[in-house]
Q: 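This is the structure I want to talk about, given as structure tokens.
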Amino acid sequence: MGSHGKSYFIHPPLYVDFGSHLHLGENFYCNVDPIFIDVNTITFGDNVMIGPRVGFYTAGHPTDAAIRNSGLEFGLPITVGDNVWICAQATILPGVTIGKNSIVAAGAVVTKDVPENVLVGGNPARVIRELGEADKQKWAAQQAAYHKVKEQFQGK
Ligand SMILES: CC(=O)SCCNC(=O)CCNC(=O)[C@H](O)C(C)(C)COP(=O)(O)OP(=O)(O)OC[C@H]1O[C@@H](n2cnc3c(N)ncnc32)[C@H](O)[C@@H]1OP(=O)(O)O
């Protein structure tokens, strides 16, 4: 591995082309069976969560068949910001940067850069909506309800 934070976890099996081009931030979590085609660098910020069977493909080939057959390959870096969640079976293409706090929905094919604080999904991935205060309120209520049940269960 190129570099990593103090705490990281990847469920095996995993595939890397090199491994040395992979840079993980703090508190990196990746579910089972990721593919890292790291011909160029794949760089993750802190607190990134990856669902099962997500593919990161930095490599590409010429769209001209004759030149492609000569063996030419290129690699463009992939960069994932802090606090990004990439859901199951998403595909991240060469050169893509995903902005901090954003979510890539399950099955998305990400062909272009993703802004910060958005949910993207589909093929090709498009912004579905912005993430913000409504999400915070919804999930803070869920969190509070969870802790209430937990404390009741523990007899506090
Ligand atoms: C780290 C891990 O291990 S994760 C474990 C594995 N789990 C997963 O991968 C879970 C993946 N979950 C998803 O993809 C979910 O759909 C989420 C997180 C994106 C849902 O986010 P929410 O904001 O709650 O989305 P919500 O269900 O309200 O849907 C919003 C819109 O996005 C659409 N949408 C939801 N998921 C997707 C998707 N995967 N692809 C395309 N569109 C989607 C919905 O149809 C809806 O569209 P509409 O407004 O036209 O009706």
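Every heavy atom of this structure was used, including side-chain atoms; hydrogens, water molecules and symmetry mates were not. Order of listing sets the numbers, starting from 1, for every ligand and every atom in it.
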Q: If only side-chain N and O atoms count, and only distance matters, is there a donor-acceptor pair under 3.5 Å linking D82 with N47?
A: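 No - no donor-acceptor pair under 3.5 Å links their side chains.
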Q: Tell me whether M49 shares a hydrophobic cluster with L119, the cluster being built from Ile, Leu, Val, Met, Phe, Trp, Tyr side chains joined at under 4.5 Å.
A: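 In one cluster with M49: L119, yes.
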Q: I want to confirm something. Looking only at heavy atoms, which of V120, N31, I128 is nearest to atom 3 (O) of ligand 1?
A: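 Of the listed residues, N31 has the closest heavy atom.
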Q: Considering only non-hydrogen protein atoms, determine which one is nearest to atom 12 (N) of ligand 1 and report residue, atom name and distance to 0.1 Å.
A: C87 SG, 3.9 Å
Q: Just to confirm my output: which protein heavy-atom neighbour is closest to atom 37 (C) of ligand 1, and how far is it?
A: A105 CB, 3.9 Å
Q: Could you tell me whether atom 35 (C) of ligand 1 has at least one protein heavy atom nearer than 4.0 Å?
A: no
Q: Is there a protein heavy atom less than 4.0 Å away from atom 29 (O) of ligand 1?
A: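 Under 4.0 Å from atom 29 (O) of ligand 1, zero protein heavy atoms found.
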Q: For H11 together with Y29, are the ring centres under 6.0 Å from each other?
A: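 Yes, the ring centres sit under 6.0 Å apart.
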Q: Report the nearest protein non-hydrogen atom to atom 6 (C) of ligand 1: residue, atom name, distance rounded to 0.1 Å.
A: P52 CD, 3.7 Å
Q: Specify the protein heavy atom at minimum distance from atom 22 (P) of ligand 1: its residue, its atom name, and the distance to 0.1 Å.
A: R129 NH2, 4.1 Å
Q: Would a search of protein heavy atoms around atom 42 (N) of ligand 1 find one under 4.0 Å away?
A: yes
Q: Would you check if the side chain of D64 reaches a backbone N or O of A66 as a donor-acceptor pair within less than 3.5 Å?
A: yes
Q: Among all protein heavy atoms, pick out the one at the shortest distance from atom 24 (O) of ligand 1; state its residue, atom name and that distance to 0.1 Å.
A: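 In this structure, atom 24 (O) of ligand 1 has K138 NZ, 4.4 Å as its nearest protein heavy atom.
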Q: For the residue pair H21 / T41, report whether a side-chain donor-acceptor contact shorter than 3.5 Å exists.
A: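 No, because no side-chain N or O of T41 sits under 3.5 Å from a partner of the opposite role on H21.
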Q: Identify, for atom 2 (C) of ligand 1, the protein heavy atom at the shortest distance, and state residue, atom and that distance.
A: G51 CA, 3.6 Å
Q: Just which atoms of ligand 1 are under 4.0 Å from any heavy atom in A106?
A: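 Matching atoms, with element in brackets: 11 (C), 14 (O), 38 (C), 39 (N), 40 (N).
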Q: Taking atom CD1 of I42 and atom OH of Y57, what is their separation to the nearest 0.5 Å?
A: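 So the CD1 of I42 and the OH of Y57 are separated by 10.0 Å.
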Q: Could you check whether atom 47 (O) of ligand 1 has a protein contact, counting only heavy atoms that fall below 4.0 angstrom?
A: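 False for atom 47 (O) of ligand 1.
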Q: Distance to 0.1 Å, residue and atom name: give those for the protein heavy atom nearest to atom 9 (O) of ligand 1.
A: A88 N, 2.8 Å
Q: Provide, to 0.1 Å, the distance between atom 7 (N) of ligand 1 and the closest protein heavy atom, together with that atom's residue and name.
A: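 Looking only at protein heavy atoms, the one closest to atom 7 (N) of ligand 1 is W85 CZ2, 4.5 Å.
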Q: When you check the gap from the basic side-chain N to the acidic O, do D46 and K100 get nearer than 4.0 Å?
A: no
Q: Answer yes or no for atom 39 (N) of ligand 1: protein heavy atom present at a distance under 4.0 Å?
A: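 Protein heavy atom within 4.0 Å of atom 39 (N) of ligand 1: present.
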Q: Tell me the contacting part of D135 for ligand 1: side chain, backbone, both, or neither, using a 4.0 Å heavy-atom threshold, strictly below.
A: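 Looking at D135 and ligand 1, no heavy atom falls under 4.0 Å.
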Q: Closer than 4.0 Å and a protein heavy atom, does any atom meet both conditions relative to atom 20 (C) of ligand 1?
A: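 Looking at atom 20 (C) of ligand 1, one finds that no protein heavy atom lies closer than 4.0 Å.
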Q: Under 4.0 Å from atom 14 (O) of ligand 1, is there at least one protein heavy atom?
A: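 Protein heavy atom within 4.0 Å of atom 14 (O) of ligand 1: present.
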Q: Could you list the atoms of ligand 1 found under 4.0 angstrom from a heavy atom of I50?
A: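 So the atoms of ligand 1 that pass are 1 (C), 2 (C), 3 (O).
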Q: Heavy-atom distance to atom 25 (O) of ligand 1: which of I103, L119, V54 wins?
A: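 Closest candidate by heavy-atom distance is L119.
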Q: Report the distance from atom CD1 of I86 to atom CZ of F44, rounding to the nearest 0.5 Å.
A: 6.0 Å
Q: Can any side-chain N or O of N117 pair as donor or acceptor with the backbone N or O of N101 at less than 3.5 Å?
A: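 No; zero donor-acceptor contacts below 3.5 Å.
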Q: With a 4.0 Å heavy-atom cut-off (strictly under), which part of A108 contacts ligand 1: side chain, backbone, both or neither?
A: neither
Q: Take V80 and T43 through the side-chain contact (heavy atoms from CB on, under 4.5 Å) test and state the conclusion after the steps.
A: CA-CA 6 Å; V80 177; T43 306; over 6 Å; no
